[in-house]
Number of protein chains: 2
Amino acid sequence: MRIVVARCQVDYAGRLTAHLPLALRVIMVKSDGSVLVHADGGSYKPLNWMSPPCTLREGVAEDGVVEWTVTAKKTDDTLRIRLEEVIHDSEHELGVDPGLQKDGVEKHLQELLAEHTSALEDGMSLVRREYMTAIGPVDLLCRDAAGGSVAVEIKRRGEIDGVEQLTRYLELMNRDPKLRPVRGIFAAQEIKPQARTLAKDRGIDCVVVDYDDLRGLDDPSLRLF
Amino acid sequence: MRIVVARCQVDYAGRLTAHLPLALRVIMVKSDGSVLVHADGGSYKPLNWMSPPCTLREGVAEDGVVEWTVTAKKTDDTLRIRLEEVIHDSEHELGVDPGLQKDGVEKHLQELLAEHTSALEDGMSLVRREYMTAIGPVDLLCRDAAGGSVAVEIKRRGEIDGVEQLTRYLELMNRDPKLRPVRGIFAAQEIKPQARTLAKDRGIDCVVVDYDDLRGLDDPSLRLF
DNA sequence: CAGTAAATTTCGCCG
DNA sequence: CGGCGAAGTTTACTG
């Protein structure tokens, strides 16, 4: 990884055209050739960048200024960096990273709810997790206290897209005589008002689930720190 | 901006729990307090990070290792970085960045299509751009050669979500006696087969538009390089 | 490899 | 400040 701090101008042409006026910035060149141009603020997104696979060619512009041209391997995307003044330039061998270990995403929420379907509704039992349909897997297929089929869509944050998704599943499943009638439950840690309104309009029930509560029902096992 | 290259371990607890095993990485500390932990590969997304506003507290762990604790101002998100070995550590005053100048996004495509509605269909005329409905603005409301209302949804890349969005608008607009009947046109620089199929199923026409052609119809003005 | 959904999404606009 | 949609989204998963 090469790290350069420089007063620079940047132009990008590809899926859009963009320009960065002359200013001091940090440029990271990763070993796979990818380049990030960072300012001293904003979030983790660089001002401009080139994703791998790409190649960096170091050259000199007509006016004598050092100019980097980064071109994408497949597309004709181009990033041009004019380095007017280099403040810092260093290279570091980092090696391959072991990578991030995650915990707590939707998948885990789905596992917990599959184990504790009663948290969705009294008398609810699990039929199948990841019940396959022609257009994709339904998170949970359940049977309610009255013996009716229930399709459950689980999200961390419940928004309109999730309701649309569940609606498509329900439409399809209700064409199947062996399942029909199937009603829907939209379960999430948090449900946006718009999603709740749309769900109500579609006859879909909303259930807000607490991740920590569900975890408490479970074996209180590993916590990272 | 502070740049540190170090052999480090990272733990994050917040919206999820995550861990990075001991390895050499680059750590950027921006002047707003935000922290990025980068590996020497992958795209522009850091392995782990903390978004501003947040505060960094430098301390020493029980075993004597330097440990940074970054905490978010509002939430209780915490990023803990154990710096086992520091290879590089430098600070640079970058100042405020003038920011990125963009060109060529969906907004521009919408402007161009609003100016040249005939590119959508012969005899088409514009009624309103960003026509407001209760659930959001329709990109273009037009009138076709026969005098019928047409709602146009514009995307750079036409995918299923866009068709769903237009469907919701159409459903709502067709309840309005003053507008009814309204048909839909899904316009994009590229339309995925699945989106095209869904659109056809919903009675929505698809139009592929060429950004450069539209631009050619326009005043051939500024190009950045 | 393509297609689809999630993301500690981030970013920008508009009320 | 919150809601909502776009993004040069990126990333992960699945068929």
Side-chain angles (χ1 to χ4, degrees), chain A residues 10 12-18 34-37 42-52 54 70 72 75-79 99-100 102-107 109-110 130 132 134-137 139 153-162 164-166 168 188 192-195 197, chain B residues 10-18 34-37 42-52 54 70 72 74-79 99-100 102-110 130 132 135-139 153-157 159-162 164-165 168-169 188-189 192-195 197-198:
Chain A
V10 184
Y12 167 75
R15 274 167 280 191
L16 61 72
T17 307
S34 58
V35 178
L36 321 184
V37 181
S43 204
Y44 67 65
K45 199 176 179 182
L47 291 165
N48 223 326
W49 72 93
M50 183 64 77
S51 303
C54 60
V70 189
T75 62
D76 58 352
D77 291 27
T78 303
L79 189 69
L100 189 68
K102 282 188 186 180
D103 173 49
V105 277
E106 184 191 306
K107 190 177 165 184
L109 195 61
Q110 191 193 107
E130 300 280 356
M132 274 311 289
I135 55 170
D139 288 337
E153 178 64 36
I154 302 165
K155 297 283 175 199
R156 198 171 55 76
R157 284 179 189 163
E159 299 179 28
I160 279 182
D161 281 4
E164 294 287 14
Q165 197 180 334
L166 180 52
R168 286 198 296 271
K192 296 279 171 73
Q194 299 88 337
T197 304
Chain B
V10 184
D11 284 283
Y12 168 76
R15 275 166 280 191
L16 61 74
T17 308
S34 58
V35 178
L36 321 184
V37 180
S43 201
Y44 66 68
K45 199 175 180 183
L47 290 166
N48 222 325
W49 73 94
M50 182 65 76
S51 303
C54 60
V70 190
K74 298 275 177 182
T75 63
D76 57 351
D77 290 28
T78 303
L79 188 70
L100 188 69
K102 280 188 189 182
D103 174 47
V105 278
E106 183 192 308
K107 191 179 165 184
H108 198 191
L109 194 61
Q110 192 192 106
E130 299 280 355
M132 274 311 290
I135 54 169
V138 176
D139 288 337
E153 177 64 35
I154 303 165
K155 296 283 175 201
R156 198 171 54 75
R157 283 177 191 166
E159 299 178 29
I160 279 183
D161 280 5
E164 295 284 16
Q165 197 178 335
R168 286 199 297 273
Y169 288 138
Q189 284 183 267
K192 296 281 172 72
Q194 300 88 339
T197 303
L198 184 62

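Numbers restart at 1 for each chain; the letters A, B, ... are given by sequence-line order, proteins then strands. The analysis underlying the following values was restricted to heavy atoms, covering all of them including side chains, and did not include hydrogens, waters or symmetry mates.
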**Student:** May I have the distance from Asp161(B) (atom CG) to dA7(C) (atom C1'), rounded to whole angstrom?
**Tutor:** 15 Å
**Student:** Take the protein atom CD of Glu130(A) and the nucleotide atom C1' of dA12(D), then report the distance between them rounded to whole Å.
**Tutor:** 14 Å
**Student:** For Thr197(B), which residues count as a side-chain contact (heavy atoms from CB on, under 4.5 Å) partner, sequence neighbours excluded?
**Tutor:** none
**Student:** How close or far is atom C1' of dA6(D) from atom CD of Glu164(B), stated in whole angstroms?
**Tutor:** 17 Å
**Student:** Would you mind reading off the distance between Gln110(A) atom CD and dT14(D) atom P, rounded to a whole angstrom?
**Tutor:** 10 Å
**Student:** Does any non-hydrogen side-chain atom of Val10(A) lie less than 4.5 Å from one of Leu47(A)?
**Tutor:** no
**Student:** Contact class for Met50(A) (heavy atom, under 4.0 Å): base, sugar-phosphate, or nothing?
**Tutor:** base
**Student:** What string of B, S and - do you get for nucleotides 9-15 of chain C, 5' to 3', if B is base contact, S is sugar-phosphate-only contact and - is no contact with any protein heavy atom under 4.0 Å?
**Tutor:** SSS----
**Student:** Figure out the CD1/C1' separation between Ile154(B) and dG5(D), and round it to whole Å.
**Tutor:** 14 Å
**Student:** Considering every strand and a 4.0 Å limit on heavy-atom distances, what is the contact class for Gln194(B): base, sugar-phosphate, or nothing?
**Tutor:** sugar-phosphate
**Student:** Tell me every residue that passes side-chain contact (heavy atoms from CB on, under 4.5 Å) with Arg157(B), counting only those two or more places apart in sequence or in another chain.
**Tutor:** Arg15(A), Glu159(B), Glu190(B)
**Student:** Distance check, rounded to the nearest 0.5 Å: Gln110(B) atom CD versus Ile154(B) atom CD1?
**Tutor:** 5.0 Å
**Student:** Mind checking if Leu79(B) touches a base, just sugar-phosphate, or nothing, with heavy atoms under 4.0 Å?
**Tutor:** nothing
**Student:** Determine yes or no for a side-chain-to-main-chain donor-acceptor pair under 3.5 angstrom, with Tyr44(A) supplying the side chain and Tyr44(B) the backbone.
**Tutor:** no
**Student:** Both Lys74(B) and Leu100(B) contact DNA chain D. Taking the nearest nucleotide for each, which residue is further toward the 5' end?
**Tutor:** Lys74(B)
**Student:** What is the distance from CG of Asp77(A) to P of dA7(D), rounded to the nearest Å?
**Tutor:** 15 Å
**Student:** Using only atom types and a distance under 3.5 Å, with no angle test, would you say the side chain of Ser51(A) pairs donor to acceptor with the backbone of Trp49(A)?
**Tutor:** no
